[in-house]
Amino acid sequence: MPRVRFAPSPTGYLHIGSARTFIFNWLYVRKEGGTMVLRIDDTDVERNTEASMQSIFDGLNWLGLEWDEQYAQSERIALHQQMAWKIFDKGLAYRDFTPLQATEAERDPASGPWLGDPAMRALSQEDSQRRADAGEPFVLRYRVPRDENRWVTFKDLVYRKQSKNADDIEDFALLRSNGLPTYHMASCADDLDLRISHIIRGQDHLSNTFKHVLIFEALSDTMPEFAHLPLLIAPDGAKLSKRKHGPVVSVTTYRDAGFVPQAYVNFLCMLGWNPKNNQEFMTVEEIKEKFSFEGINRSNATVNFSEADPIDPKASWLNAQHLRTMPVSVLAPMVREALESAGVPVPADDAQFEQTVDIIRSRYAVLGDFPEKGRAYFCDHFTTTPEAEEKLNVPGARIALRELGETLATSEDFSETHIEEQLRAVAEKHGLKAGVLINGSRAVLTGQTVGPSAFAVFTAVGRERAIARLLAL
RNA sequence: GGCGCUAUCGUCUAAGGGUUAGGACGGAGCCCUCUCAAGGCUCAAAUACGGGUUCGAAUCCCGUUAGCGCUACCA
């Protein structure tokens with residue numbers, strides 16, 4: 001049974017790329033029937049914020065994908081330290097007493113890579129211990145094998161065989177001079193302790209993985225599988241950042257723009273992954289069914305947005321597709337919420353409500369369209385556009401429409417066919433083209449010239465309301 | 001600078017030695033039609049560059065270029 005983890009660090013809102021990483025983890029583990037772990041990587045105490053934590057949970061909850069276990073790294077520091085010292089005890093790490101400033105000064109990129117301080121590596125056990133006992137601060141560094149032509153290798157499920165000469169890996173830190181673990185140490189210790197079987201994360205960690213392999217080898221006989229995901233980048237080629245690209249990088253932007261979570265998940269999955277069958281519009285269930293690491297690309301994907309439109313056009317299209325095909329019973333509550341937050345009173349009759357939603361949804365692209373463009377379907381306070389007014393000003397139209405209202409009021413039958421029959425009869429009687437009343441009725445009932453088939457509009461608006469609006473002419 | 005990864009229409013991508021290089025979004029046009037969408041059809045649009053290997057290269061190899069990542073006591 002695979003165990004995977006999503007490990008965000010709470011230093012900002014939930015990023016679109018992080019959301020996708022979460023989704024890929026989720027897809028894999030739900031398909032295989034394993035365990036999804038949410039681990040908050042909050043070891044960088046100074047940069048963590050409560051707001052960020054909230055934003056992560058908000059985003060994840062909105063996506064509607066759940067996890068099974070949850071941990072905070074800050075509560076597991078003792079474990080990380082213990083594992084770091086275990087590496088030290090095996091002789092695979094050493095204390096580096098070089099002060100921070102001195103280290104920085106010593107590192108000149110022009111003179112080649114910094115690999116470590118030979119003097120510190122060479123320090124005897126006794127000297128090292130004595131200086132530590134005397135209270136001299138130090139960082140604990142991994143003792144990367146030198147001059148052995150040693151290659152560190154691992155197999156990535158996406159990027160295939162990876163290898164790097166140990167002479168190109170610097171002596172990275174395990175514990176900081178304040179005793180707290182670094183990201184590499186904490187992450188690997190937790191992955192081991194939580195028995196993570198598959199590490200699925202952004203490609204920005206591909207190079208780091210060589211270090212992680214070294215840590216895993218020092219601590220365990222087992223090695224997790226790795227799968228790195230191509231990055232999401234901005235149209236200018238840079239990586240997505242809030243400072244530079246604004247709110248597009250946050251998942252809340254899409255939520256607030258009226259996306260249904262299913263569509264957003266669908267969109268994110270198509271960035272860097274595909275089912276190899278030309279299908280792009282898929283339910284989460286279908287994606288889960290088709291998901292595999294072979295379908296993941298190796299090149300970065302550009303999120304296509306502009307200053308004028310922060311939403312990727314493909315995402316909009318996908319949202320419209322989901323909006324008109326998902327079960328109405330799933331959509332209706334979302335529409336209800338959209339109406340509520342827009343201050344439009346929500347009809348009490350559930351059956352009528354769902355019917356209305358079902359009729360109008362194929363013309364809408366986002367949830368916000370329901371209270372905006374669809375206002376007249378749900379409440380009596382709506383404005384009539386000048387174009388609609390024109391349709392009603394056609395000579396004879398108002399009188400005929402009022403008569404149609406009277407006629408419809410005499411019958412319980414409110415089916416589309418009945419309405420059509422009555423409308424055509426009234427039109428003929430008044431010597432009007434049916435089109436005049438067809439367009440006219442849409443105009444009275446919705447205040448608009450655009451919308452569903454005129455007869456469907458009657459049923460969408462509902463009998464009482466429709467008749468009242470006709471009679472009020 | 002060093003190391004690693006990547007490179008197909010504007011964007012997301014398919015094709016893993018033989019295709020007129022396919023699909024989708026977006027764009028243009030036509031059809032359908034009670035309006036608007038949707039839907040159907042058509043068009044424009046790509047293998048970064050240079051060398052190899054091969055009867056044959058988008059595909060394999062090498063080089064160049066470009067982008068990205070790592071190179072922190074950030075994650």
Roughly how far apart, to the nearest Å, are [N] and [M] at atom [atom1]?
N     : M     : atom1 : value
B/G10 : B/G52 : C1'   : 33 Å
B/C70 : B/G63 : C1'   : 24 Å
B/C55 : B/C9  : C1'   : 30 Å
B/A48 : B/U35 : C1'   : 48 Å
B/A45 : B/G40 : P     : 23 Å
B/A44 : B/G27 : C1'   : 9 Å
B/A21 : B/C25 : P     : 22 Å
B/G16 : B/U11 : P     : 23 Å

- Query: Which class fits the ring pair A/Phe57 and A/Trp67: parallel under 30°, tilted 30 to 60°, perpendicular over 60°?
  - Reply: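 The rings of A/Phe57 and A/Trp67 sit tilted, inter-plane angle from 30° to 60°.
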Tell me what [X] touches on the nucleic acid: a base, only sugar-phosphate, or nothing, going by heavy atoms under 4.0 Å.
X        : answer
A/Pro99  : base
A/Ser453 : base
A/Tyr364 : nothing
A/Lys239 : sugar-phosphate
A/Gln162 : sugar-phosphate
A/Asp204 : sugar-phosphate
A/Ala454 : base
A/Ser9   : sugar-phosphate
A/Pro137 : nothing
A/Gly435 : nothing
A/Thr98  : base
A/His228 : nothing

For [N], take OP1 and OP2 only and decide whether either is under 4.0 Å from a side-chain N or O of [X].
X        : N     : answer
A/Arg176 : B/A75 : yes
A/Gln321 : B/G39 : yes
A/Arg141 : B/C73 : yes

Side chain of [X] only, heavy atoms from C-beta on: which candidate in [options] is closest?
X        : options             : value
A/Leu206 : B/C3, B/A75, B/C5   : B/C5
A/Trp317 : B/C25, B/G69, B/C34 : B/C25
A/Leu231 : B/G26, B/C68, B/C34 : B/C68

- Message: salt bridge (Lys or Arg N to Asp or Glu O under 4.0 Å) for A/Arg95 and A/Glu136? Distances and angles first, verdict last.
- Response: CA-CA 10 Å; A/Arg95 294 189 186 92; A/Glu136 193 177 339; over 6 Å; no
Under a 4.0 Å N-O cut-off, is there an ion pair linking [X] with [Y]?
X        : Y        : value
A/Asp171 : A/Arg146 : yes
A/Arg76  : A/Asp193 : yes
A/Arg398 : A/Glu389 : yes
A/Arg141 : A/Glu170 : no
A/Glu403 : A/Lys429 : yes
A/Arg424 : A/Glu420 : yes

How long is the line joining [atom1] of [X] and [atom2] of [N], in whole Å?
X        : N     : atom1 : atom2 : value
A/Asn319 : B/A38 : CG    : P     : 14 Å
A/Gln203 : B/C68 : CD    : C1'   : 7 Å
A/Tyr183 : B/G69 : OH    : C1'   : 13 Å
A/His184 : B/C70 : NE2   : P     : 10 Å
A/Arg442 : B/A37 : CZ    : P     : 12 Å
A/Leu229 : B/U6  : CG    : P     : 14 Å
A/Leu445 : B/U35 : CG    : P     : 17 Å
A/Ile169 : B/G69 : CD1   : P     : 20 Å

Could you let me know what [N] is paired to, Watson-Crick or G-U wobble, both distances under 3.5 Å, or none if it's on its own?
N     : result
B/A7  : B/U65
B/A15 : none
B/C41 : B/G29
B/A21 : none
B/C34 : none
B/A57 : none
B/C70 : B/G2

- Starting from the 5' end of RNA chain B, give me the residue, A/Asn208 or A/Lys211, whose nearest nucleotide shows up first.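 That would be A/Lys211.
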- 5'-most contact on RNA chain B (nearest-nucleotide basis), A/Tyr159 vs A/Ser177, goes to A/Tyr159
- Query: Taking only residues two or more places apart in sequence, or in another chain, which ones meet A/Ala365 in a side-chain contact (heavy atoms from CB on, under 4.5 Å)?
  - Reply: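 A/Ala365 satisfies side-chain contact (heavy atoms from CB on, under 4.5 Å) with A/Ala320, A/Asp369 only.
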- Determine whether any donor atom in the side chain of A/Arg363 lies under 3.5 Å from an acceptor atom in the base of B/C36, or the reverse, and answer yes or no.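 Counting by modelled atom types and ignoring angles, a donor-acceptor contact under 3.5 Å is found here.
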- Query: What do you reckon, is NZ of A/Lys288 surrounded by more than 12 foreign heavy atoms closer than 6.0 Å?
  - Reply: yes
Within the sub-3.5 Å range, which N or O atoms of nucleotides 9-15 of chain B have a protein N or O partner, and how far apart are they?
| residue | atom | partner | partner atom | Å |
| --- | --- | --- | --- | --- |
| B/C12 | OP1 | A/Thr302 | N | 2.8 |
| B/C12 | OP1 | A/Thr302 | OG1 | 3.2 |
| B/C12 | O2' | A/Met270 | O | 2.6 |
| B/C12 | O2 | A/Lys314 | NZ | 3.4 |
| B/U13 | OP1 | A/Gly272 | N | 2.6 |
| B/U13 | O3' | A/Asn274 | ND2 | 2.7 |
| B/A14 | OP1 | A/Asn274 | ND2 | 2.6 |
| B/A14 | OP1 | A/Lys276 | NZ | 3.3 |
| B/A14 | OP2 | A/Asn297 | ND2 | 3.3 |

- Query: When you measure from the side chain of A/Arg143 to the backbone N and O of A/Arg121, does any donor-acceptor pair fall under 3.5 Å?
  - Reply: yes
- Message: Would you say the ring centers of A/His198 and A/Phe24 fall short of 6.0 Å from each other?
- Response: no
